[in-house]
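Just so you know, ligand 1 is whichever comes first in the structure, and atom 1 is the first atom listed for that ligand.
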Amino acid sequence: MTILVTGGAGFIGSNFLFWEAEKNPQDRLVCLDALTYAGNLSTLAPLMEKENFRFVKGDIADSKCVDQLFAEEKPDIVVNFAAESHVDRSIEDPGLFLRTNILGTQTLMDACRKYGVGRYHQVSTDEVYGDLPLDRPELMFTEETPIHTSSPYSASKASADLLVLAYHRTFGLPVSISRCSNNYGPYHFPEKLIPLMISRALADESLPVYGDGANIRDWLYVADHCAAIDAVMRRGRVGEVYNIGGHNERSNLEVVKTILRALGKPETLIRFVKDRPGHDMRYAIDPTKIHDELGWLPETDFDSGIAKTIQWYLDNRAWWEEILSGDYQNYYKKMYENR
Ligand code: NAD
Ligand code: DAU
């Protein structure tokens with residue numbers, strides 16, 4: 001079986017490649033990644049020498065490149081992780097998000113139609129459901145929750161989801177979609193909340209918390225997400241959407257304070273800054289469907305996952321320090337200096 005993994009040099013895609021290489025070593029893994037600022041080829045170094053692994057640098061929205069790769073590899077399964085993934089960047093430059101996240105999805109699915117695949121799996125997000133109020137803790141996103149997006153990022157992901165379902169109904173493409181809550185773990189790019197706070201706390205720099213820090217995210221350790229995607233792409237029903245989450249809701253302030261405690265750093269590092277425009281209040285996933293149909297359950301709770309994650313950032317300073325030493329400095333200055 002050949003599995004084409006797009007966006008495999010990013011955070012979740014790379015964790016997924018490692019997960020598959022370990023659990024299903026008989027399968028051939030092909031990674032297509034444009035190596036944008038978020039893609040890091042050095043992450044994939046442990047896989048590069050393997051016989052049944054191939055890396056191709058290319059853009060999912062480039063039909064010529066995608067067509068050639070499909071002609072060469074004839075993948076059985078395509079898993080699309082490739083995306084512009086950071087909400088704050090989508091507020092700065094929506095157009096790039098529409099191109100990659102919507103047109104890239106279309107380009108991949110057109111190749112799937114042309115060459116035929118057993119499954120096209122779209123890695124989506126709980127952000128397509130919008131947000132939940134803080135004062136209704138009993139509410140959770142189910143697969144029936146209406147799409148109701150807040151940011152250009154989530155709107156682009158929702159558009160892609162609609163296109164995926166349309167390709168199933170109109171062309172009979174064997175698709176599935178998973179919508180996961182916030183991931184954390186190794187190789188998380190240090191612009192996102194958890195790695196940003198770990199890296200800045202270690203340098204005794206201020207920790208920018210948006211608004212009052214009361215916003216809630218439902219955190220899932222990345223390996224649990226990888227296991228869930230594997231279950232859906234191999235055993236999930238065609239044409240279906242599966243929510244993925246592990247009931248690990250925490251406010252942003254709780255997360256930041258947990259990191260500070262673990263690193264022995266003072267809470268005086270916290271700096272409340274201007275809120276993100278359109279900031280979603282609360283995400284919470286109801287994972288009943290994936291549990292009942294596919295038997296998936298998360299293995300890592302937040303307390304042990306955050307401890308493992310902090311340890312990983314301590315043990316792998318070179319990985320993130322190299323990122324922080326490059327262009328990222330300009331990004332941080334631009335996004336945070338007037339907040
Ligand atoms: P990431 O930003 O860390 O990685 C994205 C990867 O896609 C990078 O390697 C980048 O080089 C590549 N890429 C970007 N544009 C490309 C293009 N045009 N062609 C080919 N490759 C391209 O993202 P992530 O956090 O790993 O997220 C992966 C997927 O999971 C995304 O689709 C995202 O929407 C979804 N998701 C993320 C989370 C989360 O918490 N991070 C949660 C749920 C769903
Ligand atoms: O829910 C899934 C989504 O989770 C994915 O689809 C996205 O790709 C992923 O980036 C993530 O989106 P969020 O916007 O929730 O993640 P982020 O790490 O950017 O922010 C998490 C929370 O922390 C959010 O409420 C905003 C807040 N925040 C973030 C940053 C970067 C801060 O308070 N300060 C910051 O500097």
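Heavy atoms of Glu191 come nearer than 4.0 angstrom to ligand 2 in at least one pair.
Protein heavy atom nearest atom 3 (O) of ligand 1, with residue, atom name and distance: Phe11 N, 3.0 Å. Remark: minimum distance from atom 21 (C) of ligand 2 to any protein heavy atom is reached at Leu193 CB, 3.8 Å. Counting only heavy atoms of the protein, atom 8 (O) of ligand 2 lies nearest to Ser85 O, 2.8 Å. Of the protein's non-hydrogen atoms, Tyr336 OH, 2.7 Å is the one closest to atom 36 (O) of ligand 2. Atom 27 (C) of ligand 2 has as its closest protein heavy atom Asn252 ND2, 3.4 Å. Scanning the protein for heavy atoms near atom 1 (O) of ligand 2, the closest one is Asp126 OD1, 2.5 Å. Atom 11 (C) of ligand 2 has as its closest protein heavy atom Asn182 ND2, 3.4 Å. Counting protein heavy atoms only, atom 19 (O) of ligand 2 is closest to Arg276 NH2, 2.9 Å.
The shortest N or O to N or O distance between His188 and ligand 1 is not below 3.5 Å. Below 3.5 Å of separation, one finds an N or O of Asp33 facing an N or O of ligand 1. Of the polar atoms of Thr125, none of the N or O atoms is found under 3.5 Å from an N or O of ligand 1, judged by distance alone. For Asn183, a nitrogen or oxygen atom sits less than 3.5 Å from a nitrogen or oxygen atom of ligand 1, counting backbone and side chain alike. Considering both main-chain and side-chain atoms, Gly8 never comes within under 3.5 Å of ligand 1 through any nitrogen or oxygen pair. Checked against a 3.5 angstrom limit, the closest N/O atoms of Ser181 and ligand 2 fall outside it. An N or O contact shorter than 3.5 Å links Lys157 to ligand 1 by distance. At under 3.5 Å, not a single nitrogen or oxygen of Ala61, backbone or side chain, sits near a nitrogen or oxygen of ligand 1. Polar contact check, Ala82 against ligand 1: no nitrogen or oxygen pair lies under 3.5 Å apart.
Ring geometry, Trp19 versus Phe16: the interplanar angle falls under 30°, so the pair is classed parallel (tilted spans 30 to 60°).
To the nearest 0.5 Å, atom CG of residue Asn80 and atom OG1 of residue Thr107 are 10.0 Å apart. Rounding to the nearest 0.5 Å places OG1 of Thr43 at 10.5 Å from CG of Leu17.
Remark: among candidates Ala83, Ala34, Ala38, the nearest residue to atom 14 (C) of ligand 1 is Ala83, based on non-hydrogen atoms. In this structure, of Thr6, Asp126, Ile12, Asn182, the residue bringing a heavy atom nearest to atom 27 (O) of ligand 1 is Ile12. For atom 29 (C) of ligand 2, the candidate residues are Phe189, Tyr129, Tyr210; the nearest heavy-atom contact is made by Tyr210.
Residue Tyr153 approaches ligand 2 through these ligand atoms, each under 4.0 Å from one of its heavy atoms: 5 (C), 6 (O), 7 (C), 8 (O). For ligand 2 and Pro208, the ligand atoms under 4.0 Å from any heavy atom of the residue are 32 (C), 33 (O), 34 (N), 35 (C), 36 (O). When each atom of ligand 2 is checked for a heavy atom of His279 under 4.0 Å away, the hits are 24 (C), 25 (O), 26 (C). Close approach of ligand 2 to Leu196 is summarised as follows: ligand atoms under 4.0 Å from at least one heavy atom of the residue are 36 (O). Against a heavy-atom cut-off of under 4.0 Å, Tyr283 is close to the following atoms of ligand 2: 1 (O), 15 (O). Shown in contact with Asp59 at under 4.0 Å from a heavy atom are these atoms of ligand 1, numbered in order with element: 17 (C), 18 (N), 19 (N). For ligand 2, the atoms sitting less than 4.0 Å from at least one non-hydrogen atom of Val209 are 33 (O), numbered in the order shown with element in parentheses. Counting the atoms of ligand 2 from 1 in the order shown, those under 4.0 Å from a heavy atom of His86 are 19 (O). Near Thr125, meaning under 4.0 Å from one of its heavy atoms, ligand 2 places the atoms 1 (O), 2 (C), 3 (C), 5 (C), 6 (O). Every atom of ligand 1 with a heavy atom of Ala9 under 4.0 Å away is listed here by number and element: 9 (O).
Remark: Arg113 is not positioned above the aromatic ring of Tyr120, lacking an NZ or CZ atom under 6.0 angstrom from the ring centre and at most 45 degrees off the axis. Annotation: cation-pi pair Lys274/Tyr210 absent, no NZ/CZ under 6.0 Å from the ring centroid and within 45° of its normal. Stacking of Lys289 on the aromatic ring of Tyr242 is recorded, both the 6.0 Å distance cut-off and the 45° axial limit being met.
Looking only at side-chain heavy atoms (C-beta outward), His291 and Leu297 come within less than 4.5 Å of each other.
Residue contacts with ligand 2, taken as heavy atom pairs separated by less than 4.0 Å, do not involve Val273 at all. With a 4.0 Å heavy-atom cut-off, ligand 2 is reached by the side chain of Glu127 but not by its N, CA, C or O. With a 4.0 Å cut-off on non-hydrogen atoms, Tyr153 touches ligand 1 through its side chain and not its backbone. Using a 4.0 Å cut-off between heavy atoms, Thr100 contacts ligand 1 through its side chain alone, with no backbone atom that close. Contacts of Asn80 with ligand 1, taken as heavy-atom pairs under 4.0 Å, are absent altogether.
Shown are Thr105, Leu98, Thr100; of these, the side-chain contact (heavy atoms from CB on, under 4.5 Å) with Ser156 is made only by Leu98.
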